[in-house]
Amino acid sequence: MTQEFIDKVSSYLTQDVDIVPISQGAEAIVFSTTTHPYLPKTKGSHEKYIIKYRPPKRYRHPQIDQTLTKHRTLNESRLLAKLYLIPGLYVPQLIACDPYNGFIWLEFLGEDLPGGYGFSNLKNFLWMHDQDPYNDLVAATLRKVGRQIGLLHWNDYCHGDLTSSNIVLVRDGATWAPHLIDFGLGSVSNLVEDKGVDLYVLERAILSTHSKHAEKYNIWIMEGFEEAYNEQGTKGAKKLKEVMKRFQEVRLRGRKRSMLG
Amino acid sequence: MIVSTIPQFPDTKFSLVLFEQVQNAKEIRTRMSELSTSFAFIDPRLICSEEQMYSAVYKTLVEVNYNKMRTRNLNSECVLCLSPTSNISDAFQKFGIKDDSSQLICLKFHTETDRLNKQQLSTVLSSIVKGIEIEFTDDNLSKFYDESLIRKVCLKVKMIGNSHTNNI
């Protein structure tokens with residue numbers, strides 16, 4: 001199945017573009033490549049790029065499938081393009097987009113962690129520090145993660161699928177700068193509900209993948225989140241109160257709202 | 001002169017030439033109906049980098065190959081692809097050269113059938129454009145672009161400061 005998609009991608013990109021599959025989700029396959037989609041002067045450099053491909057789903061009517069793929073690819077690209085312009089918010093740069101075939105080209109972020117802990121996303125990072133989880137580096141990194149989410153929500157955007165593997169850490173001297181990735185379920189939204197759900201989903205993700213230290217981790221993330229809002233003055237503090245109130249409500253009832261009555 | 005291809009579309013070659021001290025922009029404009037089949041003339045005041053130009057070329061090829069051609073030919077399609085809107089006449093007006101343009105970028109797509117000859121192309125171009133050919137590079141482009149004009153055309157919503165200066 002996967003091989004079939006890889007062959008399809010290779011034939012679409014021609015043999016001039018090298019690809020290495022790195023991850024597969026329910027909706028898309030992610031490849032890395034060393035070829036820039038259009039800039040000739042990057043030829044021969046060791047720069048890496050990400051290709052995100054949404055393969056057609058055979059259980060859908062081909063026409064419906066095409067429109068869905070097109071809309072989702074465009075939605076994600078537009079969102080990324082807008083987010084990239086927000087000062088202080090870190091997301092991968094959009095390089096190219098082919099909505100008709102479901103391709104997005106992005107800047108490659110992150111690196112391999114030392115000691116064989118795998119790729120530098122937040123999940124692997126926390127596992128790497130599992131023996132010594134309460135050090136300053138972990139605390140500072142998680143606060144920065146919270147700040148990123150706060151900034152995202154303050155600008156009325158929602159991620160839709162916040163997990164510790166959708167947060168990539170990029171080395172910044174001796175510290176790490178968290179970048180948010182995968183806006184496939186992202187949206188523009190000023191609803192406190194969506195923001196509350198975002199926070200809840202991340203809290204649950206941390207709770208299930210890093211149970212031992214989750215409590216402290218979540219506190220640090222929320223500290224950073226609050227900081228980002230409080231920096232916006234009284235208006236920010238007011239909004240923060242609304243979001244936090246809804247977050248508590250979501251926590252009590254779960255992600256899905258009850259549709260009774 | 002730059003002759004290049006996009007990795008994904010190895011069969012479509014295109015060339016890019018940058019001219020400065022152009023004296024006959026007005027004349028070129030009056031001949032547009034005849035010239036536009038073979039060239040696109042773009043105003044470098046709106047082009048801040050090679051990347052911007054190449055991304056438009058890439059988008060052109062994606063649109064033409066996988067969607068549809070919205071204008072008469074590849075050259076004009078690329079001018080449309082530079083524009084943030086899908087309004088064709090608006091794109092030509094803004095990104096095309098003006099009567100008083102003293103620099104211009106000339107873009108030409110070469111189809112498989114038309115044999116590419118740099119020398120020939122150079123001669124043809126120099127008979128059309130009265131100006132000095134310079135290299136199509138970021139350095140040269142940076143001399144001509146007008147940031148406030150780009151902001152006016154490309155960013156309708158005013159940005160409150162921009163942390164990523166390379167992403168206009």
Side-chain angles (χ1 to χ4, degrees), chain A residues 9-19 33-44 47 49 51 53 66-67 69-70 73-74 77-78 80-107 151 154-155 177 179 188 232, chain B residues 1-16 49-70 78 81-82 84-86 107 109 135-141 150-151 154-168:
Chain A
V9 172
S10 305
S11 77
Y12 163 85
L13 292 169
T14 73
Q15 72 265 33
D16 295 341
V17 183
D18 54 303
I19 47 165
T33 177
T34 55
T35 315
H36 192 284
Y38 48 80
L39 258 191
K41 70 177 169 195
T42 46
K43 221 178 222 170
E47 208 59 50
Y49 309 94
I51 301 174
Y53 170 55
Q66 232 177 9
T67 18
T69 303
K70 190 178 137 195
T73 311
L74 271 178
S77 308
R78 286 189 180 138
L80 276 168
K82 284 182 196 152
L83 293 176
Y84 190 74
L85 295 174
I86 296 175
L89 188 66
Y90 301 133
V91 295
Q93 184 180 14
L94 178 72
I95 297 173
C97 164
D98 174 359
Y100 313 106
N101 296 290
F103 282 88
I104 294 180
W105 297 65
L106 300 165
E107 167 191 15
L151 211 53
W154 167 251
N155 286 286
H179 288 56
V188 183
Q232 308 293 337
Chain B
M1 180 186 302
I2 282 179
V3 181
S4 185
T5 53
I6 298 289
Q8 205 181 315
F9 306 96
D11 298 331
T12 317
K13 283 201 174 96
F14 60 92
S15 30
L16 283 163
S49 65
E50 294 173 45
E51 186 171 355
Q52 188 187 355
M53 199 64 233
Y54 285 116
S55 72
V57 171
Y58 172 83
K59 192 180 171 209
T60 305
L61 293 171
V62 166
E63 290 289 335
V64 169
N65 282 293
Y66 303 121
N67 192 21
K68 56 178 184 245
M69 184 96 87
R70 291 169 293 175
C78 188
C81 283
L82 280 166
T85 65
S86 53
L107 165 77
F109 280 94
E135 259 187 291
F136 184 83
T137 57
D138 278 340
D139 277 349
N140 280 332
L141 287 171
I150 295 178
R151 281 187 188 276
C154 298
L155 294 168
K156 290 248 166 68
V157 198
K158 220 176 165 193
M159 300 297 300
I160 330 137
N162 190 341
S163 62
H164 309 282
T165 44
N166 61 338
N167 192 55
I168 296 171

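None of the values given here were measured: they were computed from a predicted structure. Chain identifiers are assigned alphabetically (A, B, ...) following the order of the sequence lines, protein sequences preceding nucleic acid strands; residue numbering begins at 1 within each chain.
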Can you say whether Tyr100(A) sits under 4.5 Å from chain B via the side chain, the backbone, both, or neither, judging by heavy atoms?
side chain
Name the region of Ser55(B), side chain, backbone, both or neither, that has any atom closer than 4.5 Å to a heavy atom of chain A.
both
Restricting to non-hydrogen atoms, name the atom on Tyr58(B) and the atom on Pro37(A) that form the minimum distance, rounded to 0.1 Å.
CD1-O, 3.8 Å
Which atom of Gln8(B) lies closest to which atom of Trp105(A), heavy atoms considered
OE1-CZ2, 4.1 Å
For Asp98(A), is it the side chain, the backbone, both, or neither that has a heavy atom closer than 4.5 Å to a heavy atom of chain B?
both
Could you check Glu51(B), Met53(B), Lys59(B) and say which one makes a side-chain contact (heavy atoms from CB on, under 4.5 Å) with Tyr38(A)?
Glu51(B)
For Tyr12(A), which atoms come within 4.5 Å of any heavy atom of chain B: side chain, backbone, both, or neither?
both
For the CD atom on Gln232(A), are there more than 12 heavy atoms of other groups (residues, nucleotides or ligands in this structure) within a distance under 6.0 Å?
yes
Give me the atom names and distance for the closest heavy-atom approach of Asp16(A) to Pro10(B).
OD2-CB, 3.8 Å
Over all heavy atoms of both residues, which pair between Thr35(A) and Pro7(B) is shortest? Give the atoms and the distance, please.
CG2-CG, 3.9 Å
